[in-house]
Structures are given as C-alpha cells and as structure tokens.
Number of protein chains: 2
Amino acid sequence: MGASNLTIHSQEQIDVAAIAKVLAHPARVAILEYISQQDSCICNDIVDKIGLSQPTISQHLQIIRQAGLIKGSFEGKSICYCLDVKRFKEFQDLFNIYFNTTTANCC
Amino acid sequence: MGASNLTIHSQEQIDVAAIAKVLAHPARVAILEYISQQDSCICNDIVDKIGLSQPTISQHLQIIRQAGLIKGSFEGKSICYCLDVKRFKEFQDLFNIYFNTTTANCC
DNA sequence: AATTAATATTGCAATATTACGATTATACCT
DNA sequence: AGGTATAATCGTAATATTGCAATATTAATT
C-alpha cells in the first residue's frame with residue numbers, strides 16, 4: 001500500500017468501517033448466522049457446515065471474537081461460542097445511525 | 001490466497017458481505033457521508049475534504065458506483081455524484097434483515 | 001483547433017487478507 | 001501419565017486492497 005496517509009476520518013467513520021470489515025466476508029456472515037441458530041455450538045460443527053478448513057474457520061472466529069461479537073466458553077472438550085447479542089445490537093444501531101444520517105439527495 | 005474453495009455460501013450471505021465490503025473502508029464511509037451532505041458534489045471537493053489523492057478517491061468512487069450506491073451525471077466540466085437513495089435503503093434493509101434474523105443466543 | 005479544468009485509467013509498490021498444512025496447546029478420559 | 005478429541009497458532013503461498021505518480025480522457029471555453 002502507499003504510505004498510510006494521516007487522513008483524518010471521524011471516529012464514527014472508522015467504527016462503521018471496522019464493523020463492515022467483520023461482515024465483509026461470506027464465511028464470517030455465515031458463521032455468525034450459524035452460531036445464532038444453534039443451542040450450543042462448536043468449532044468443528046462450523047467446519048463441517050461452512051466447508052472451510054479448521055484453521056481457516058478458527059481465523060475467522062478470531063476476527064469475530066476480536067470485534068466482540070461472540071464469546072467463547074469451554075464446555076467439556078469443546079468451546080461453546082455464543083453471540084454477544086448486546087454487542088450485535090450495538091453494531092446494528094451504529095449502522096442504522098449511519099444509514100439514517102446519510103440519505104440526503106442532491107439530484 | 002489459498003485455492004478458492006467452492007464453499008457454498010447462500011446468496012444472502014454473499015450479498016451482505018458484498019455490501020459490507022463497500023463500507024469496509026473509512027474513506028468510502030466518509031465519501032458517502034459527504035456526498036449526502038452536499039447539494040451538488042464534485043470529485044475535487046471530495047479530494048480536498050477527505051485528504052487522499054485524486055486517483056485514490058476516483059478509485060473509491062468507482063467501487064461505490066459499481067455497488068450502485070451513487071449515480072454520476074455531468075454538470076458542466078464536473079460530474080455531479082449523487083446518492084442513489086433507493087439503493088441505499090435496499091442496503092440498509094438487507095443489513096437489518098440479516099441483523100434481525102441473527103440474534104438468537106445459546107448461552 | 002488549442003487551452004484549460006475535471007475526472008478516469010494505468011502501472012506499480014506496499015500491505016492486508018484469505019486459505020491451508022503442520023504443529024502445538026488444551027482438556028477430558030482411561 | 002498416556003491417549004484422544006478439539007481448537008489455536010505458526011509458517012507460508014496466493015490473491016486482493018490501497019495508495020499514488022504519471023498519463024489519458026472528457027468536455028467546456030477561448
């Protein structure tokens with residue numbers, strides 16, 4: 001990439017972009033969807049379901065986890081990954097605030 | 001990238017990811033915000049406002065244009081880029097459908 | 001037609017992302 | 001402790017993204 005310009009974007013713009021980035025891959029969209037549909041979910045299940053290798057899924061899970069969208073807790077030998085519904089709603093709100101304040105039209 | 005696995009994601013998942021990708025960069029978030037705030041907007045204005053070079057802005061504009069989020073029409077020597085509000089709302093709806101159907105909790 | 005202003009395109013470098021095999025850690029079970 | 005199942009991490013290759021300088025294109029104006 002070119003020299004990272006010290007372009008000043010607003011914090012809101014950076015936040016919206018960061019959230020969008022998490023959802024910018026079909027696998028992560030699918031993983032979140034899948035997790036929300038399960039009573040209890042385990043990485044290996046996801047591997048079977050999505051059709052990517054275990055390390056790749058694990059990598060995607062890490063990105064989702066770092067964004068705070070899921071919480072993992074051990075349950076026997078497996079980890080139960082659960083949606084952080086509160087955080088998920090925060091994401092949705094931030095998006096809608098952005099969408100709702102960005103709809104004026106010049107033409 | 002590794003061999004592109006023929007992973008089957010649903011069309012909805014692919015669509016959500018594609019939309020998210022457009023918004024996954026602060027510059028594009030900022031551009032959309034700026035365009036929606038103007039009565040009439042011109043690329044060079046954006047260049048001054050965002051602080052990236054003209055080719056870079058033009059590139060981002062192309063990505064936004066290809067997603068159908070803005071329409072450009074010539075107005076004298078400049079191009080007037082306008083938000084496609086209808087398309088923008090479609091984006092928002094798709095996102096909200098995704099967010100609303102993906103909020104169950106297992107823990 | 002030449003000039004000028006505005007935007008797009010090209011070419012290329014730096015970096016980020018995605019994917020997977022191999023390996024390592026973790027935790028249960030015998 | 002040793003064995004087994006599950007998930008994380010490491011290393012690395014392929015590809016995508018981002019950014020800009022240089023150049024080309026487009027359209028109004030002289």
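Proteins come first, then strands; the chains are lettered A, B, ... in the order of their sequence lines, and each starts at number 1. Quick caveat: nothing in here was measured; it's all calculated off a predicted structure.
- Ring geometry for H25(B) against H9(A) counts as perpendicular: the plane angle is over 60°, on a 0 to 90° scale with 30° as the lower cut.
- Annotation: side chain of V16(B) is in contact with side chain of L94(B) (closest heavy-atom distance under 4.5 Å).
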Across nucleotides 21-30 of chain D, 5' to 3', mark each nucleotide with B, S or - according to how protein heavy atoms within less than 4.0 Å reach it. BB----SS--
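- Residue H25(A) contributes atom NE2, which lies 14 Å from atom P of dT15(D) at whole-angstrom precision.
- Taking atom CD1 on I57(B) and atom P on dG19(D), their separation rounds to 8 Å, with Å as the unit.
- Between T56(B) and dT18(D) there is no side-chain N or O to OP1 or OP2 distance below 4.0 Å.
- A donor-acceptor pair is defined here as one N or O able to donate and one able to accept, closer than 3.5 Å; no such pair exists between the side chain of R28(A) and the backbone of L61(A).
- The closest donor-acceptor contact from the side chain of R65(B) to the backbone of Y81(B) lies at 3.5 Å or more, if one exists at all.
- Of the residues in residues 62-70 of chain A, those with a non-hydrogen atom less than 4.0 angstrom from any atom of DNA chain D are Q62(A), R65(A).
- Side chain of Q38(B) to main chain of I35(B): no donor-acceptor pair is present (N/O by atom type, distance under 3.5 Å, no hydrogens or angles).
- Nearest-nucleotide assignment on DNA chain C puts the 5′-proximal partner with C43(B), out of Q59(B) and C43(B).
- Counting only distance, with no hydrogens or angles, the side chain of Q66(A) and the backbone of I63(A) share no donor-acceptor pair below 3.5 Å.
- Atom CD1 of I50(A) and atom P of dT18(C) are 14 Å apart (whole Å).
- Checking the phosphate oxygens (OP1, OP2) of dT17(D), no side-chain nitrogen or oxygen of K21(A) falls inside 4.0 Å.
- Side-chain atoms of T101(B) come within 3.5 Å of backbone atoms of I97(B) as a donor-acceptor pair (strictly under, hydrogens ignored).
- Considering only side-chain N and O atoms, Y81(A) lies nowhere under 4.0 angstrom from the phosphate OP1 or OP2 of dT6(D).
- Counting to the nearest Å, the C1' atom of dT17(C) and the CZ atom of R28(A) are 8 Å from each other.
- Taking the six-membered ring wherever Trp is involved, the centroid distance between the rings of F99(A) and F91(B) does not fall below 6.0 Å.
- Looking at the side chain of S58(B), the nearest of the listed nucleotides dC20(D), dA8(C), dT17(D) is dA8(C).
- A distance-only check finds a donor-acceptor pair linking the side chain of T102(A) to the backbone of Y98(A) [under 3.5 Å].
- Taking only side-chain atoms of I42(B), from C-beta outward, the nucleotide of dT6(D), dA8(D), dA6(C) with the closest atom is dA6(C).
- Between Y34(A) atom OH and I46(A) atom CD1 the span is 7.0 Å, to the nearest 0.5 Å.
- DNA chain D is contacted by both D45(A) and A24(B); D45(A) maps to the nucleotide lying nearer its 5′ end (nearest heavy atom per residue).
- Across dT6(D), dA8(D), dG19(D), the shortest atom-to-atom separation from the side chain of S78(A) is found for dT6(D).
- Atoms CG (N44(B)) and P (dT4(C)) sit 17 Å apart, rounded to a whole Å.
- Side-chain atoms of H60(A) lie closest to dA19(C) of the nucleotides dA19(C), dT17(C), dT7(C).
- Rounded to a whole Å, the CG atom of L61(B) is 9 Å from the P atom of dT7(C).
- Comparing A27(A) and I79(B), the nucleotide of DNA chain C nearest to each residue sits closer to the 5' end for I79(B).
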